There are 2 protein chains.
Amino acid sequence: MDVEEFRKAGKAAIDHIADYYAGAIDSLPVNSLVQPGYLPPLLPDAPPEQGEDFSAITEDYHKLIMPGLTHWQHPEFMAYFPTASSFEAILGDLYALSIPTPGFNWTCSPAATELEIVVMDWAAKLLHLDPAFYNASGVGGGALQTTASDSALIAVVAARERFMALHADDPPNLANLVIYVSTQTHSLGLKAGKVLGLRVRALEVRAEDGYALRGETLSRALEEDKAAGNRPFVLIATVGTTSSGAVDSMAEIGNSLKSHPDVWLHVDAAWAGIALCCPETHDQLQLADLNLFMDSFCTNFHKWGLVNFDCSTLWVRDRKALTTALDITPPFLRTAQGDAGAIDYRNWHLALGRRFRSLKLWFALRGFGVEGFRKHIRHAIALNQTFAALVTKSELLELVTPPSLALSVIRLAPPNVAADALNGLNTALYARLSARPDVALTQTTLNGVFCIRVAIGSPRTTEENIRRTFDAIIEEAKVVLGELK
Amino acid sequence: MDVEEFRKAGKAAIDHIADYYAGAIDSLPVNSLVQPGYLPPLLPDAPPEQGEDFSAITEDYHKLIMPGLTHWQHPEFMAYFPTASSFEAILGDLYALSIPTPGFNWTCSPAATELEIVVMDWAAKLLHLDPAFYNASGVGGGALQTTASDSALIAVVAARERFMALHADDPPNLANLVIYVSTQTHSLGLKAGKVLGLRVRALEVRAEDGYALRGETLSRALEEDKAAGNRPFVLIATVGTTSSGAVDSMAEIGNSLKSHPDVWLHVDAAWAGIALCCPETHDQLQLADLNLFMDSFCTNFHKWGLVNFDCSTLWVRDRKALTTALDITPPFLRTAQGDAGAIDYRNWHLALGRRFRSLKLWFALRGFGVEGFRKHIRHAIALNQTFAALVTKSELLELVTPPSLALSVIRLAPPNVAADALNGLNTALYARLSARPDVALTQTTLNGVFCIRVAIGSPRTTEENIRRTFDAIIEEAKVVLGELK
């Protein structure tokens with residue numbers, strides 16, 4: 001493909017994207033209708049010998065790929081958590097894509113490192129993080145990661161190395177190290193344990209505490225483990241759990257850890273963290289205690305934060321803990337600038353190379369401004385209040401937990417149905433809902449209770465979309481109840 | 001930004017990219033001229049309260065970011081290894097960018113998983129890997145990763161879990177586990193050790209073996225370690241080392257490991273692996289023995305393979321070893337399709353979410369075809385032969401190792417200069433070269449010998465670019481020699 005063919009094909013791609021968001025997406029089913037194994041039979045089993053014309057490639061994109069997409073940007077996508085898309089971020093990533101740089105050190109492209117230093121501080125300010133976490137502090141700082149899983153894994157590695165250094169006189173056996181999570185921590189905690197070969201202990205939470213981890217539970221576990229010769233070294237706490245949007249009791253956790261200063265507190269706020277841009281969420285999300293106690297903090301702008309995947313932000317209170325754990329500088333990576341103290345971001349993450357992701361975050365922060373981010377978050381929260389009100393008024397459905405920001409957790413709970421029949425009923429309801437092309441929700445269980453999650457977050461979702469999803473749930477609920485009789 | 005503003009700004013971005021590659025890049029210095037800390041003073045210290053017009057953002061991109069770029073796609077960029085860019089891959093990633101999906105399971109977007117299954121097989125065929133590594137085998141298979149570091153880390157985790165399972169009767173203490181690399185293995189080996197908290201032993205290589213790891217060295221180390229109660233469980237061998245493009249002795253390594261079948265052989269061919277598309281490289285790169293012996297194999301299409309960063313391909317002989325090590329499936333991630341056996345790629349990598357990267361690889365494989373890839377590789381190898389011939393003819397320079405594919409490792413070695421003065425001389429030469437805006441090379445050391453690497457790989461590099469870089473080296477060499485006198 002030569003330059004002029006690219007110019008033409010690129011503009012056609014831009015038109016396609018514009019048309020998709022201008023309305024084409026609304027007429028598509030939110031869920032793909034294809035069955036597993038649909039694509040391989042439609043494609044040759046080897047690459048072509050000779051290069052193909054680009055028109056044949058885009059034709060296949062439209063014919064073969066588009067029908068196999070789940071439309072996460074569809075206004076009626078309410079499964080999992082949202083995955084963001086904005087024109088500003090698409091353009092930022094397009095520019096970044098055109099000037100690939102592996103980004104492992106400052107000289108790879110000074111702009112990539114320096115813009116990341118700046119926009120991580122902008123993002124920290126947007127979210128009202130304590131200045132201790134700014135790159136400008138010279139002590140703490142932030143870097144972009146691929147996902148919250150990566151961010152948590154990095155935090156655990158830093159925590160482990162800090163713990164080993166603190167206990168150099170009595171070096172822990174790796175087999176005795178323990179990662180703490182709660183039973184509501186995202187599976188990223190278990191995965192970090194699997195990757196690192198370390199034990200994970202999931203601390204219990206109670207329904208009456210809103211599925212939040214309490215300080216007392218943590219203190220008791222720490223005492224038990226230490227008495228048994230185990231060495232807990234990190235807690236992955238959560239602000240906005242996946243299952244129900246719960247917020248762990250940060251003040252209690254912080255106070256509990258005061259007598260265990262060798263235990264690192266990582267806070268995973270992958271989804272809810274972005275809402276900290278709105279001051280009215282600060283009490284619910286316990287910002288003051290986060291700022292006081294946490295060692296590291298992660299939120300994903302690529303979830304609810306208007307930046308296309310991937311864009312996970314990780315901040316640490318002590319950057320040395322991170323770089324000590326991750327710094328490798330062989331001769332071929334040495335540079336005069338790195339030797340002189342320029343940030344080499346390879347030492348802030350797991351891999352060596354990294355994409356120039358700060359560009360899309362910069363474009364989005366500038367394009368929307370603080371006001372634009374707040375408006376976006378408030379729009380989704382308001383819609384969720386509307387949805388929750390519909391559930392509350394309904395005779396068939398109930399909220400299992402209080403709505404959290406833009407997430408509702410519901411179940412079918414009609415009068416005159418025995419409590420022990422509800423899980424079966426809701427499993428049947430969810431099976432019916434997930435077979436529909438026009439409804440995208442996710443299941444979960446909360447301490448044994450089968451629930452259905454409704455997560456709102458697309459900027460294009462309106463009250464009409466909310467009502468349509470609500471109506472579909474009621475429609476299927478009636479079928480399930482009919483079958484029961 | 002509304003849809004029509006996006007349409008306009010998107011087309012302007014496409015024009016900018018087209019113009020950049022049409023020639024604007026050639027008139028820019030390959031290295032940025034900025035100094036560390038140039039950018040923060042030029043930007044506000046917080047995001048704007050109100051969203052800004054997009055024209056202000058792109059104006060700043062051109063004014064503030066472009067001057068801070070190292071142009072890895074510049075025809076005279078010959079540092080590190082190349083980082084690829086092609087119009088086909090840019091367009092593939094642009095389409096992918098517009099339909100963000102976190103990709104952790106099949107239902108996230110069936111097309112993303114299924115296309116990855118297909119194109120990984122296409123890529124395996126392009127590189128002549130054994131059918132055991134195809135996804136179609138149902139036993140082995142491949143997945144896209146971010147980088148070769150990630151790929152190696154994943155291989156080490158899978159190797160560790162397989163080793164633990166094989167020795168369930170005599171469970172190894174983590175402190176006794178050892179990762180093997182050679183002294184020429186990329187720093188990704190040391191980094192995997194740091195991340196996982198495991199020991200790394202770097203096996204020696206000799207200049208007379210062309211810096212390749214020999215079977216005898218490996219066998220001796222295995223015996224020593226086992227006698228000492230250590231448990232080596234993985235070897236990261238290399239096809240095309242970073243410092244000199246060396247290829248470890250795969251037949252010898254494979255034979256040595258026959259008596260240690262619990263040791264996993266991961267082959268890092270991050271750079272050189274793409275050259276396997278050309279049959280004439282198969283002997284040099286020891287393809288037959290790779291196919292016979294290796295447990296996993298990684299190459300980065302984002303280096304020399306015409307696909308924009310990031311696009312690292314990882315294949316394993318036994319997919320169960322991978323998924324057993326990495327599978328976490330909490331209730332909220334369960335799907336009917338996953339339960340029925342559809343590939344959920346979250347269990348093939350470290351994180352949960354993943355980008356839809358197969359699209360750009362598909363676009364590039366189709367756009368170039370097998371012939372296009374071969375032509376691209378042969379072009380760079382031929383240019384390196386030209387460069388090596390210039391060095392050989394020169395009275396001032398010498399090749400430290402035989403040219404490997406498109407990499408030459410050279411040093412200043414004029415007659416009448418004592419051998420022990422050469423490192424100082426070459427350090428001075430490299431310092432002068434790296435201060436020039438028009439020369440992009442990297443330093444390395446080979447068993448104590450300071451060298452300069454010249455890595456060719458941009459499709460836009462011509463013989464004229466090669467000669468210009470050669471002339472610049474000679475020019476600076478003369479200055480350094482003049483200072484010596």
Side-chain angles (χ1 to χ4, degrees), chain A residues 1 3 6-7 10-11 13-14 17-18 22 32 34 36 39 43 46-52 57 65 68-70 83 85 87 93-94 97-98 100 109-111 114 118 122 125 147 149-150 174 187 190-191 308-309 328 330-332 337 342 351-353 365-370 372 444-445, chain B residues 1 3 6-7 10-11 13-14 17-18 22 32 34 36 39 43 46-52 57 65 68-70 83 85 87 93-94 97-98 100 109-111 114 118 122 125 147 149-150 174 187 190-191 308-309 328 330-332 337 342 351-353 365-370 372 444-445:
Chain A
M1 172 183 282
V3 170
F6 167 75
R7 214 184 284 272
K11 291 178 183 180
I14 294 292
I17 297 166
S32 171
V34 302
L39 187 59
L43 293 175
E49 280 299 309
Q50 259 126 56
E52 293 179 64
I57 301 174
I65 302 302
L69 296 178
T70 302
T83 282
S85 188
F87 292 136
D93 230 3
L94 173 57
L97 184 55
S98 72
S109 258
E114 301 211 359
V118 171
W122 284 23
K125 287 171 190 177
T147 61
S149 304
D150 253 20
L174 289 178
S187 58
L190 290 173
K191 188 133 181 184
N308 295 50
F309 189 79
I328 301 275
F332 65 85
Q337 296 83 356
L352 176 64
L365 287 169
R366 292 185 63 174
F368 287 93
V370 174
T444 195
T445 58
Chain B
M1 174 182 284
V3 169
F6 167 74
R7 214 183 284 272
K11 291 177 183 181
I14 295 292
I17 296 167
S32 171
V34 303
L39 186 60
L43 293 174
E49 279 301 307
Q50 260 125 55
E52 294 177 66
I57 301 174
I65 302 302
L69 296 178
T70 303
T83 283
S85 187
F87 292 136
D93 229 4
L94 173 58
L97 183 56
S98 72
S109 258
E114 301 213 358
V118 171
W122 284 22
K125 287 170 190 177
T147 60
S149 304
D150 253 20
L174 289 178
S187 58
L190 291 171
K191 188 132 183 185
N308 295 51
F309 190 79
I328 301 275
F332 65 85
Q337 295 83 357
L352 178 63
L365 287 170
R366 291 185 64 174
F368 288 92
V370 174
T444 195
T445 57

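If you're wondering where the values come from, they're calculated on a predicted model, not measured in any experiment. Below, read A as the first sequence line, B as the second, and so on, with proteins coming before strands; counting in each chain starts at 1.
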Under a 4.5 Å cutoff for heavy-atom pairs, which residue among [options] has the most contacts with chain B?
options	value
A:L43, A:L365, A:L190, A:I57	A:I57
A:R7, A:M1, A:R366, A:Q50	A:R366
A:G372, A:S149, A:A18, A:G10	A:A18
A:T83, A:T147, A:L94, A:V370	A:V370

In terms of heavy-atom proximity below 4.5 Å to chain A, should [X] be classed as side chain, backbone, both, or neither?
X	result
B:S98	both
B:V118	side chain
B:F309	both
B:K11	both
B:I328	side chain

Closest-packed option against chain A by number of heavy-atom pairs under 4.5 Å, given [options]:
options	value
B:A22, B:G367, B:S85	B:G367
B:P110, B:P100, B:S109, B:A351	B:P100
B:L39, B:L97, B:V34, B:L69	B:L97

ask   = So which heavy atom on B:A46 is nearest to which on A:K125, and how close?
value = CB-CD, 4.0 Å
ask   = Hey, are the side chains of B:P48 and A:F368 touching, using non-hydrogen atoms and a 4.5 Å cut-off?
value =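 No. Closest side-chain heavy atoms not under 4.5 Å.
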